[in-house]
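Presented below is the structure to which this report refers.
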Amino acid sequence: MIQEKYLENLFREYSRTSEFLDEVFDENGQIRQHYQRVYNHLAKISLPDFKYLNDYAKKSSFDQGITFNVYSDKSQGVERIFPFDLFPRIIPTKEWEKIEKGLIQRNRALNLFLQDIYNEKKILKDNVVPKELIFSSRHYCKHMMDFVPYGGIYVHISGTDIIKHKDGEYYVLEDNLRCPSGVSYVLSNRMATKRILPNLFFKSRVQPVVDYPEALAEVIKSVAPIGVDQPVCVVLTPGMYNSAYYEHSYLALQMGMQLVEGRDLFVDHNFVYMKTIHGPKKVDVIYRRIDDDFIDPMVFRADSTLGIPGLMSAFREGNVSLVNAPGTGVADDKAVYTYVPDMIRYYLSEEPILKNVFTYRCEKGDDFLYVLENLDKLVVKPVDESGGYGIFIGSKASRQEQEDFKEIIKANRRKYIAQPIMSLSVHSTFIEENERFEPRHVDLRTFSLSGYQIEYVCKGGLTRVALRKGNLIVNSSQGGGSKDTWVLQE
Amino acid sequence: MMLSRTANSLFWIGRYIERIEHLARYINAQYLSSSDAPSAFDKQLTLESMLFMASAAQSFQEYSPQIVDHQVIYFLTLEDQNPYSIKNYVALVRENARGVRDNTPTELWEAINRFYHAMNVFTREEMEKKGPYDFCKSAMDTTTIIKGVADNTLLRNEVWSLIRTGIHLERATQITQIILSKLQDIRKTEESPMSQAIQSYHWAALLRSAGGLDMSRHYYGTTPNRERAIDFLLLNQKFPKSVLYNLEKLKADLKIISNNKPISPDSVEFTVGKLTANMNFLTLDEILAQAEKFLHDLQQTLIRIGAQIEQQYLTF
């Protein structure tokens with residue numbers, strides 16, 4: 001008789017690594033305490049049952065249409081689901097409290113920074129942040145100068161990426177202050193967990209994430225122009241071919257807001273209206289999921305067909321609020337990132353709660369020389385790219401590639417920063433091809449909200465998994481997956 | 001408060017869903033009943049009839065020089081190159097549904113999304129081997145499910161009424177087209193010596209293609225003939241597929257969409273109201289005297305109604 005395989009057997013064969021911090025197992029191979037319950041539950045599931053659950057999870061995402069389009073012009077065969085791993089990532093209460101405080105602190109400072117650099121420019125005059133760095137940034141938006149959006153809030157939604165290093169500390173990897181996406185995966189992953197592992201989930205005392213859309217709606221309404229009693233709020237999407245369209249429509253539905261495209265809106269005498277079957281209807285707040293470059297062809301890219309001509313002028317008149325405000329990209333630039341701890345000290349007179357990854361700025365003489373000499377030990381990133389594009393990992397490059405890349409850096413020093421290779425923690429993850437659990441690198445995309453007198457952090461977030469063995473980049477367009485993230489209640 | 005773009009998508013979801021259902025039923029009914037056909041009956045004719053019903057005779061000619069059964073069926077059901085194949089219609093429904101997710105319940109989207117993925121499973125080989133039955137049955141069942149989900153979940157407001165407007169207008173149009181296509185089939189076989197037998201076969205096939213054979217037998221208590229078939233499909237007040245029934249529904253839904261606005265002579269409400277009133281006081285004999293002309297005129301008016309809805313509500 002063939003003995004049925006249980007996950008317990010699989011975990012016994014789990015190949016641990018001492019090179020990285022493992023979220024589930026400690027240095028001695030023992031289950032960490034906060035994982036004990038989940039481990040006990042999973043261990044008793046047979047492999048065929050687990051595979052069935054795994055397939056069920058995939059089918060469920062597919063039926064719900066939680067698919068993203070890989071950039072391509074073909075109409076079919078490009079819809080992928082974002083793979084979802086059933087083994088949840090768990091964050092103990094104590095660790096989360098620190099993350100949450102740190103995120104709120106960071107976002108306060110970033111909002112103050114944005115208001116400052118577009119108005120008084122004190123931090124530049126005091127030489128805390130070099131003004132060349134700000135004014136040379138592609139994302140510094142001159143149309144935002146001498147203007148403060150409602151409540152002084154620029155970044156209403158912030159997606160901060162955090163990693164856990166070998167030393168057991170959390171580090172901020174980057175801020176995403178423009179249109180951070182991914183929260184719909186947080187919500188749908190949680191839904192999937194509840195459906196697939198109900199007994200485990202309901203026993204585990206996990207902090208809810210379902211309040212996110214409600215909190216977001218509150219934040220959006222809180223920044224409606226003065227004097228508007230029942231604000232009409234809409235979600236602006238580039239359209240259904242956008243890779244994040246599922247999220248746009250999902251959030252609109254959850255918040256009870258109309259999902260609009262640029263062509264559904266127009267501006268008349270500095271007021272924004274939407275085109276309804278019974279004529280124009282005034283719009284007060286726009287949660288826009290279109291990049292700055294495309295929102296208003298009269299001000300930004302003239303060839304944009306996604307935007308609304310005249311929107312910026314309506315915004316500056318105070319007749320419509322934009323969530324997030326334009327021009328926030330200047331603060332999530334990877335070179336500006338290195339100054340966030342200084343901003344926190346400068347504006348809040350506090351010590352940063354969350355650490356920054358140590359960063360070398362290629363534009364600085366000493367740093368530049370260090371980078372050239374130690375390229376094999378560093379990760380070099382362009383300061384203004386997102387989605388994991390353009391990243392150079394020194395240790396993975398041949399000698400020739402390193403030499404070539406040095407030339408690229410030399411040609412545009414402002415464009416590059418370098419960081420020591422951070423050892424992202426690993427998490428036990430089910431690898432379908434091998435039918436076993438293997439360690440894979442993970443990070444955490446968090447979601448924080450700032451409204452008028454509202455501060456909120458989603459208790460959880462999107463744990464992204466680099467499914468390719470050894471891969472350090474955890475992005476959905478680069479073959480990544482995700483895990484439900486459980487923040488435990490006290 | 002509804003966007004014109006949203007209204008447009010909802011309207012076309014209704015139209016396409018209904019079109020898919022009629023196409024699938026027609027293809028299936030024609031394919032099956034061709035095997036019951038009297039010997040004089042030519043198989044070729046069923047295929048031509050399918051193409052006519054789908055308004056695809058010309059595009060098929062460009063696609064294939066010969067009318068071969070598996071070619072015709074593939075062209076109308078699965079062919080990617082044919083923008084009006086059922087599979088492509090399903091993709092259009094899904095695309096429209098995706099664009100109005102914020103206005104519609106998740107259940108409706110998921111039903112449509114599953115439909116799309118289910119259609120993608122069928123292959124040419126399978127269709128040639130097994131015939132179109134499985135495919136058509138699945139399409140008919142799923143459109144019914146989708147309409148049922150919409151029926152059970154939507155608020156009775158303009159979202160609902162726009163989908164219904166699409167469905168009723170399309171159903172009236174398809175029934176008209178089906179009758180026309182059958183009249184044409186009959187004309188083609190008139191010289192045949194077995195004409196009488198063929199005719200009664202045709203009237204039954206017509207009702208089956210419209211999904212009304214059983215209920216017509218029940219209603220009249222006898223087998224179908226020309227008078228009963230035409231009467232049932234055009235004028236019956238209780239049969240949910242008759243043209244008059246659908247015009248009455250269309251009138252009611254437009255009233256909800258227009259918010260009870262007073263009717264002006266250039267509005268779609270006026271056109272629909274006038275057509276409905278006309279048909280309400282039309283005798284069967286008047287129709288039968290010039291059946292094809294009547295149907296062509298009816299079709300033109302239905303096209304105009306579609307254009308007026310578009311201009312009045314769907315574009316800004």
Side-chain angles (χ1 to χ4, degrees), chain A residues 58-67 69 74-77 79 81 184 187-188 191 213 217 230 232-242 245-266 273-283 287 289, chain B residues 1-11 80-81 83 87-88 90-92 94-121 155 157-159 161-162 165 254 256-261 268 309-316:
Chain A
K58 276 198 283 189
K59 179 152 188 327
S60 150
S61 319
F62 211 63
D63 284 350
Q64 288 174 65
I66 314 177
T67 50
N69 299 324
K74 277 203 313 202
S75 64
Q76 277 193 356
E79 275 177 39
I81 57 167
S184 58
L187 300 167
S188 61
M191 184 72 83
Q230 297 259 312
V232 174
C233 309
V234 298
V235 181
L236 175 62
T237 172
M240 70 177 93
Y241 299 108
N242 185 270
Y245 179 77
Y246 170 79
E247 177 158 312
H248 307 160
S249 61
Y250 181 84
L251 289 174
L253 184 64
Q254 296 295 317
M255 296 192 292
M257 290 178 189
Q258 185 76 52
L259 181 67
V260 301
E261 296 179 19
R263 58 187 160 131
D264 299 324
L265 302 179
F266 67 95
Y273 298 91
M274 59 179 160
K275 304 171 181 175
T276 80
I277 56 173
H278 298 301
K281 173 89 189 169
K282 183 162 80 73
V283 172
Y287 170 33
R289 295 293 299 260
Chain B
M1 179 171 61
M2 175 184 288
L3 295 175
S4 304
R5 177 177 56 81
T6 305
N8 189 51
S9 292
L10 292 167
F11 176 73
D80 286 327
Q81 316 284 357
K87 194 173 149 191
N88 279 326
V90 176
L92 286 172
R94 179 174 182 254
E95 197 169 294
N96 279 296
R98 201 197 264 275
V100 296
R101 289 233 25 210
D102 56 318
N103 282 279
T104 48
T106 308
E107 291 84 351
L108 182 61
W109 158 251
E110 290 189 10
I112 290 172
N113 192 43
R114 273 198 300 273
F115 188 22
Y116 171 80
H117 290 303
M119 291 285 106
N120 279 327
V121 172
L155 298 180
N157 60 11
E158 64 272 23
V159 172
S161 289
L162 273 154
T165 299
L254 283 170
I256 294 174
I257 297 167
S258 75
N259 237 337
N260 281 318
K261 221 173 43 198
V268 65
I309 290 174
E310 183 126 7
Q311 187 252 328
Q312 215 167 303
Y313 295 114
L314 312 184
T315 49
F316 190 91

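Note that this is a predicted model, so its numbers are computed, not measured.
For A:E261, the salt bridge (Lys or Arg N to Asp or Glu O under 4.0 Å) criterion is met by A:R263, B:R5, not counting sequence neighbours.
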Show every donor-acceptor pair shorter than 3.5 Å between a side-chain atom in residues 309-316 of chain B and any protein atom, with sequence neighbours excluded, or say none if there are none.
| residue | atom | partner | partner atom | Å |
| --- | --- | --- | --- | --- |
| B:Q312 | OE1 | B:V268 | N | 2.9 |
| B:Q312 | NE2 | B:E269 | OE1 | 2.9 |
| B:Y313 | OH | B:E269 | OE2 | 2.7 |
| B:T315 | OG1 | B:E310 | O | 3.1 |

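Only the side chain of A:Y245 has a heavy atom closer than 4.5 Å to any heavy atom of chain B. Only the side chain of A:K281 comes within contact range of chain B, judged by heavy atoms closer than 4.5 Å. With a 4.5 Å cut-off on non-hydrogen atoms, B:E95 touches chain A through its backbone and its side chain both. For A:V260, the parts lying under 4.5 angstrom from a heavy atom of chain B are both the backbone and the side chain.
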Tell me, with the steps shown, if B:N113 and A:Q64 meet side chain to side chain contact (heavy atoms under 4.5 Å, CB included). CA-CA 7 Å; B:N113 192 43; A:Q64 288 174 65; over 6 Å; no
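Counting heavy-atom pairs under 4.5 Å between each of A:G256, A:G239, A:A252, A:S249 and chain B puts A:S249 at the top.
Counting only distance, with no hydrogens or angles, the side chain of A:Y287 and the backbone of A:M257 share no donor-acceptor pair below 3.5 Å.
The shortest distance between side-chain heavy atoms of A:P238 and A:H248 falls below 4.5 Å.
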